[in-house]
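Everything on this sheet refers to the single structure shown next.
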Amino acid sequence: MAVDAAARPNFLRPLAIGAVLVTVMGLLWGVPWWTLVAAPGWGTGWFVAGSVLFAVAAVAMPGFKLLGHRSGHDGMSVAGDTLIGVAWVLFTWSVLGNVLRAVLAVAGVEQTGRAAALTVLAVSAALLAWGYAEAMRVPRVKRVDVVLPRLGPGLDGTRVVLLTDTHYGPTDRAAWSRKVTEVVNTLDADIVCHTGDIADGTVARRREQAAPLADVQARAARVYVTGNHEYYGDPLGWIAHLDGLGWQHLHNRHTVVERGGDRIVVAGVDDATAHHSGHPGHRADLAAALDGADPALPVLLLAHQPKQIPAAEEAGVDLQLSGHTHGGQIWPFNLLVRLDQPHVAGLSRRNDRTWLYTSRGTGFWGPPFRVLAPSEITLLVLRGAPTLAG
């Protein structure tokens with residue numbers, strides 16, 4: 001029987017996705033298995049035990065994730081996320097370990113397989129321990145001064161605190177959240193921004209972790225925009241909840257902040273993925289966000305993803321604040337992030353007017369590890385154009 005041409009893509013797509021997932025899983029666990037179990041020649045007993053361990057881990061990782069997602073069991077989700085992080089670190093350093101093995105072999109060193117395996121194990125264990133501590137600690141404050149030539153003198157020194165990607169989720173971080181708020185409240189902020197990915201899960205499940213956001217202090221404004229993860233769950237619930245906590249949701253709109261007799265437009269747009277969410281009116285619309293704003297005023301824009309910067313450049317935005325990338329979270333994932341985003345972390349100049357600041361994120365997503373991509377609470381101090389002394 002002939003297959004309907006229109007139906008063929010729907011039939012082939014799951015097969016293609018399955019093939020990709022199997023390939024990725026095979027590489028993630030297969031390369032470390034070869035490096036740590038097969039190549040060193042430990043003997044039959046260790047080979048069998050190691051092979052069984054890797055096989056169980058390879059099955060458990062997607063199994064825990066799927067069961068955690070379907071059942072809502074946070075413990076299973078944490079187990080699956082942890083295995084993802086372990087697999088990535090082992091894979092990365094196993095690749096490098098095999099390079100080391102080749103170098104040692106050329107140098108005439110015996111037992112190169114065992115030397116490489118022990119090195120990979122030691123480095124991976126150290127990085128995972130360190131990465132876990134980095135993920136769980138309260139982020140350090142990163143101060144960045146940004147010169148905006150259109151900034152009026154009354155706004156010089158305006159203090160903007162950026163939070164993003166808190167990802168309240170399966171790992172209960174209510175105490176961590178309270179400490180983050182305590183740090184923010186020491187920074188004497190004029191404006192506090194949250195550029196999305198508040199949580200993974202509904203308000204009902206993450207309410208306690210998000211509660212300290214109500215206590216964040218800012219002299220002029222507390223503003224928030226959605227990230228992609230809101231749209232995986234309950235965006236309208238989180239928008240309403242943040243409104244209830246006293247934050248202003250910049251859903252393709254703006255507010256004006258005045259300081260010292262000068263004003264700045266603080267605008268926000270929905271995440272770049274919002275138009276796929278099925279929620280009417282949710283899409284990134286910078287024209288709507290700036291509608292009615294005085295074009296002579298400087299503009300501070302909140303947009304979750306750095307790749308939303310072209311629209312900001314075209315509109316003459318002075319500074320875009322973004323998150324989303326996590327700085328890669330676990331090195332060298334930042335190299336893959338760079339394929340999708342124009343900037344992974346830090347401050348970058350886009351043109352004569354527009355700056356982009358990309359935070360590495362306040363929390364973490366998924367694997368409870370941060371390796372060479374520390375979290376941050378960002379304090380941006382806005383400066384006007386320097387004047388020449390007479």
Arg143 side chain to Val381 backbone, donor-acceptor under 3.5 Å: no

Distance, nearest 0.5 Å, that separates CG of Leu321 from OG1 of Thr378: 8.5 Å

Spacing of His304 atom NE2 and Tyr224 atom OH [to the nearest 0.5 Å]: 10.0 Å

Separation between CZ of Arg140 and CD of Glu376, rounded to the nearest 0.5 Å: 11.5 Å

Heavy-atom donor-acceptor pair, Trp355 side chain to Val147 backbone, under 3.5 Å: yes

Parallel, tilted or perpendicular, as decided by the 30° and 60° cut-offs, for the rings of His251 and His249: parallel

Atom pair CD1/OG1 of Ile330 and Thr92 - distance to nearest 0.5 Å: 8.5 Å

Any donor-acceptor pair under 3.5 Å from Arg222 side chain to Gly246 backbone: yes

Heavy-atom donor-acceptor pair, Gln329 side chain to Arg370 backbone, under 3.5 Å: no

Check: Asp165/His324 side-chain N/O donor and acceptor closer than 3.5 Å: no

Distance (rounded to the nearest 0.5 Å) between Ser359 OG and Leu347 CG: 12.5 Å

Qualifying salt bridge (charged side-chain N to carboxylate O under 4.0 Å, His left out) pairs, either residue in residues 63-73, two or more places apart: Lys65-Asp81

Partner of Leu213 by side-chain contact (heavy atoms from CB on, under 4.5 Å), out of Ile198, Thr166, Val184, Val192: Ile198

Neighbour count above 12 (heavy atom, 6.0 Å) for Asp352 CG: no

Under 3.5 Å, side-chain donor or acceptor atoms of residues 255-268 against the rest of the protein: list the pairs with distances, not counting sequence neighbours.
| unit_1 | atom_1 | unit_2 | atom_2 | d |
| --- | --- | --- | --- | --- |
| Arg259 | NH1 | Gly154 | O | 3.1 |
| Arg259 | NH1 | Asp156 | O | 3.0 |
| Asp262 | OD2 | Gly154 | N | 2.7 |

Distance-only polar pair, side chains of Thr35 and Asn98, donor-acceptor under 3.5 Å: yes

Intermediate values then yes/no, side-chain contact (heavy atoms from CB on, under 4.5 Å), Trp176 and Tyr168: CA-CA 10 Å; Trp176 175 89; Tyr168 303 124; 3.9 Å; yes

Main-chain N/O of Asp270 paired to Thr226 side chain as donor or acceptor, under 3.5 Å: no

ILVMFWY cluster, Val337 and Trp365 together (side-chain gap under 4.5 Å): no

Within 6.0 Å of CD in Glu314, more than 12 heavy atoms from elsewhere: no

Closest approach of Thr325 to Pro306 (non-hydrogen atoms, all atoms of both residues): CG2-CG, 3.8 Å

Common cluster, Met136/Leu372, ILVMFWY with side-chain heavy-atom separation under 4.5 Å: yes

Working for side-chain contact (heavy atoms from CB on, under 4.5 Å), residues His326 and Phe333: CA-CA 10 Å; His326 299 206; Phe333 200 76; over 6 Å; no

Steps toward side-chain contact (heavy atoms from CB on, under 4.5 Å) verdict (Ser177, Glu208): CA-CA 9 Å; Ser177 183; Glu208 183 181 358; over 6 Å; no

side-chain contact (heavy atoms from CB on, under 4.5 Å) between Val89 and Phe369, worked out: CA-CA 10 Å; Val89 171; Phe369 306 104; 5.9 Å; no

More than 12 heavy atoms from other groups under 6.0 Å of OH on Tyr357: yes

Arg219/Asp190 salt bridge by N-O under 4.0 Å criterion: yes

Check: Asp215 main-chain N/O paired with Asn185 side-chain donor or acceptor under 3.5 Å: yes

Nearest-0.5 Å distance, NE2 of residue His229 to OG1 of residue Thr273: 9.0 Å

Flag, side chain of Gln320 to backbone of Pro310, donor-acceptor distance under 3.5 Å: no

Path from Tyr132 to Phe64 over hydrophobic side-chain contacts below 4.5 Å: yes

For the student: nearest non-hydrogen atoms of Leu302 and Thr195, plus distance: CG-CG2, 3.8 Å

Other residues, nucleotides, ligands: >12 heavy atoms within 6.0 Å of Arg283 CZ: no

Test: Asp234 and Arg206 ion pair at under 4.0 Å: no

Cluster overlap Leu118 with Leu128, hydrophobic side-chain contacts below 4.5 Å: no

Flag if over 12 foreign heavy atoms under 6.0 Å of CH2, Trp130: yes

